[in-house]
Engineer: 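Dumping the structure here so I can ask a few things about it.
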Amino acid sequence: MTWALLSRAVQAFLVVVAMTVIVFVGIHAIGDPVDVLISPVADQAERDRMEAAFGTDKPLWEQYRNFVREAARGDLGRSFVYNQPALGIIFERLPATLELAVAALILAIVIGIPLGLYCGLRPESPASRVIMATSILGFSLPGFWMGLMLIMLFAVQLGWLPSTGRGDTVSVFGVRWSFLTRNGLEHLLLPALNLAMFKISMVLRLTRAGVREIVSMDYIKYARARGLAPSRIVGVHILKNIMIPLVTIIGMEFGSTVAFAIVTESVFAWPGIGKLIIDSINVLDRPVIVAYLMTVVVLFVLVNFTVDVAYTALDPRARRRKAA
Amino acid sequence: MIEAPLAASPTQAPASAAPTLVVRDLCTHFPTEAGVVRAVDGVSFDVAPGRILGLVGESGSGKSQTGFSILGLIEPPGAVVGGSIVFEGRDITHLPERAMRRLRGNRIAMVFQDPMMTLNPVLTIGTHLVETLRAHQPVSRSEAARRACEALAAVGIPAPAERLDAYPHEFSGGMRQRVAIAIALLHRPALIIADEPTTALDVTIQAQILFEVQKLARAQGTAVIWISHDLAVVSALADDIAVMYAGRIVERGPARAVLAHPAHPYTRGLIGSVASQNQRGQRLRQIRGMPPRLADLPAGCAFRARCDHATAACEAAPAESTVAPGHHLRCFHPQP
Amino acid sequence: MSALAFPAGARPRAQSPWRQAFAKVARSKSALAGLVVLGLIILAAVFAGLIAPQNPYDLVQLDIMDSSLAPGSKASAGFTYLLGSDPQGRDMLSAMLYGLRISLFVGVGSAIIACIAGATLGLVAAYAGARVEALLMRLVDLQLSFPSILVALMILAVLGKGVGNVMLALVLVEWAYYARVARASALVERSREYIEAAECLAVPRWRVVMRHLLPNCLPPLIVIATMQVARAISLEATLSFLGLGVPVTEPSLGLLISNGYTDMMSGKYWISFYPGLALLVTIVAINLVGDRLRDVLNPRTLQ
């Protein structure tokens, strides 16, 4: 089993490496990388320093090597706008985005799975049909529009929840989190819901499909034949079988949740890395853009890798297959 | 007459005590797009404690559905539409679900055909045993685990304590079926319905399982309905035999009688088509034609189209007649 | 055909499979409604020039004094702002009609280009050697595992804004879906007997692909394309909303929505609401049709 684990780790590493190449080439594609990576208003001394650091006269592969070396040390350049190390800015804002993404996934699970279970067990009921029809909307509607509607309804019209921004934060282990305060939760609810919309629909449909498939299986009939209570059949026999692929997919979706947080953060003015990247693109703060891309890719690859490992641990059949 | 009669089981239990199960005119119908499928069409039989009834028939004859009907496991839109099922003197035909659940796995247990499909692959064997125990009795987990261990040992599974934590795919086919039997016996049921339990197994394992079931049935006085399409298997095991065709029982009676003097043409055909009954070098005997589609059964005797003795009289459905004490028949032309 | 005896003069009318498919789609009420709505939307977009009271791109026609007026207000030019006006003084209805045009153009255009490119690559993968196939499919997997918005973002960050760039970004995001489906279809078809027969007859490969393979791979491709158009429209709207998409001078629906974002708080809902509604209706209509198409063109229901 460790052999499979190792090969997956290697694959993940290769993806990160590929990303560095793509990003590096991307920067070069726009022209002189020094031009790209220094502020438009930098003076000649700054430019000279940058050129020395990059060695633009050196061959490409050597430049790339320098780039990677710097990156490995955590130095991805300084932001023009904030005049601080780009990576540092990203890490400062990362908790807000992670908070949002995790909250969205929790909502997706807490809302999507029970609804999906219901729709799977009673597919013909009118409530089921309504839920399924609504889920199509969750898929197809653009997230930003739904965010706007949420704000309009709950913040502007009803005034129940604040419209934008992050709430009060509390510092835990040196990192600021807002879900620990009531005010923070109030600010978190709408954006998390908005980000979760797509996921809720997805989880709902997947759960329903899974339940429909499992309900027709012989082992469910056998469970009934043994006189097991329906709560046990649903809660253990059905749930355990759908949890595995479900958790896998939800885990895989974490990366895309962080990515789509860009939209939600823009709509709700949530101070995470999503909003940061949009602002940075608009002012061409390229070190921050590079730092963002690298961070997201590494995050992505890490999460996928973890989910892969978790899947093997959870599914007893997978364990045997991997060992074989 | 047939050359070498199939040997009926040498040890027979007395048919004296009040029957555990009495089924009369059971009808289970399934509405489909092609019409109403009369899967079980007026089935009647008795099973006495400690006796094994072999329910024989081709696939699609309704034997499995009969088993499910008894346990109330027919899923909508199908339903038991007529007849009565009396278990231990109590009419359970239309018992409410709650009460039925108390019987299932407890007083009436079922063993399915393929344990690989019926055991939940993500749960351990121990979990299956323990949850079945705790579903019907308030036992602690440790007590349940202990009894689960005993149950596995009783069916001959080595190192039962370790095997409790094993998953179904870690067992061989024969072992899995033993586990299924162990689960069935957990609450010492009065009736076991075994639906083709050895069909998916090797012949040698088959013999072991048969022996195991017979031994346990005799020891605990459990009534057994053994559903199978394999007459050879049933003949080695059963005390009574009921032959099903197209949802009806065409012949039933003590195994010895039915095997030695089969009165129905279909039964004769079945016995005759068993490979061991045929002479070396001769063509295998078979029943000509195909079983009818249950969605449009012909009026009258369903076997008419394939029967060499059919006459115009067979256009009416034959009622059950008695050939000999305990030996019943549905046919206008009983064979001597 | 001697087993079938037709009465003299009566012959079965040969219906092309497309007509049959269309009839089946139309049988579902929701899909029919979707088709009708789509038809109306497309007509409105095409004839925007004739229907719209004003050309929103012609700066001469705009009156900045008329900015952010409520629906029903009268313009200084005389006509009524049926759906209000936006902060630049544009008539919402006109802006929406023209914006619809851009949204549809970008959405449909990118889907078609991506379809052609992706399907070609998919077919190549199915027919070229194992190495090419492995490489292409790895690429597809990589592409599909990345969130689409991230890919589009990266491309637009590097290339800058503009309709062309947006379309390029969308094509690069979408091609992988088509490639995967095309290859899967091709693999299934390739093992079928009629392909073997054609190959035995030494029919040139490209002909086998074009004449025999492609028509059979089309149904799933069409289903994917329909859904992808909705996705592309949605993605373009999102990118434009974020300020990364079409230029400010020729706004698509997404950009119009973002224009009204801040005004929403002060109660001027119409600037975002109506373009949003138009976007919504378009996407839902496409999805309804696409859903039904998927059921109808399911390879199991087709012969």
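Proteins get letters first, then strands, A, B, ... in listed order; numbering begins at 1 in each.
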Engineer: Is B/Gln113 in contact with chain A via its backbone, its side chain, both, or neither, using a 4.5 Å heavy-atom distance?
Structural biologist: neither
Engineer: For residues 134-149 of chain B, give me every residue with a non-hydrogen atom less than 4.5 Å from any non-hydrogen atom of chain A.
Structural biologist: B/Ala135, B/His136
Engineer: With side chains defined as the heavy atoms from C-beta onward, is the minimum distance between B/Pro115 and A/Tyr222 less than 4.5 Å?
Structural biologist: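 No - every pair of side-chain heavy atoms lies 4.5 Å or more apart.
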Engineer: Quick check on B/Ala180 against chain A: is it the side chain, the backbone, both or neither that has a heavy atom closer than 4.5 Å?
Structural biologist: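 Answer is both: backbone and side chain atoms of B/Ala180 are under 4.5 Å from chain A.
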Engineer: A quick test of your reading: do over 12 heavy atoms of other residues, nucleotides or ligands sit less than 6.0 Å from CZ of A/Arg232?
Structural biologist: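 Above 12, so yes.
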Engineer: So does A/Glu213 have more than 12 non-hydrogen atoms from other groups sitting under 6.0 Å from CD?
Structural biologist: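 12 or below, so no.
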Engineer: For chain A, which residues from residues 66-79 of chain B have at least one heavy atom closer than 4.5 Å to it?
Structural biologist: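 If one takes a 4.5 Å heavy-atom cut-off, the residues of residues 66-79 of chain B near chain A are B/Phe68, B/Leu71, B/Gly72, B/Leu73, B/Glu75.
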Engineer: Step by step, work out the side-chain contact (heavy atoms from CB on, under 4.5 Å) result for B/Glu131 and A/His237.
Structural biologist: CA-CA 11 Å; B/Glu131 69 181 355; A/His237 287 255; 2.8 Å; yes
Engineer: Please classify the contact of B/His128 with chain A as side chain, backbone, both or neither, using a heavy-atom distance under 4.5 Å.
Structural biologist: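 When you check distances to chain A, atoms from both the backbone and side chain of B/His128 fall under 4.5 Å.
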Engineer: Does any part of the side chain of A/Arg226, heavy atoms only, come nearer than 4.5 Å to the side chain of B/Met110, both counted from C-beta?
Structural biologist: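 A side-chain contact is absent here, since even the closest heavy-atom pair is not under 4.5 Å.
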Engineer: Are side-chain heavy atoms of A/Asp218 and B/Asp114 found at a separation under 4.5 Å?
Structural biologist: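 The answer is no; the side chains never approach within 4.5 Å.
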Engineer: Would you say the side chain of B/Glu97 lies within less than 4.5 Å of the side chain of A/Pro230, judging by non-hydrogen atoms?
Structural biologist: no
Engineer: What is the distance from atom OG1 of B/Thr132 to atom CG of A/Leu228, rounded to the nearest 0.5 Å?
Structural biologist: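 So the gap between those two atoms works out to 5.5 Å.
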Engineer: So B/Thr118 and A/Lys221, do their side chains get closer than 4.5 Å, heavy atoms only?
Structural biologist: no
Engineer: Name the option with the most non-hydrogen atom pairs under 4.5 Å to chain A; the candidates are B/Leu186, B/Ile193, B/Leu119.
Structural biologist: B/Leu119
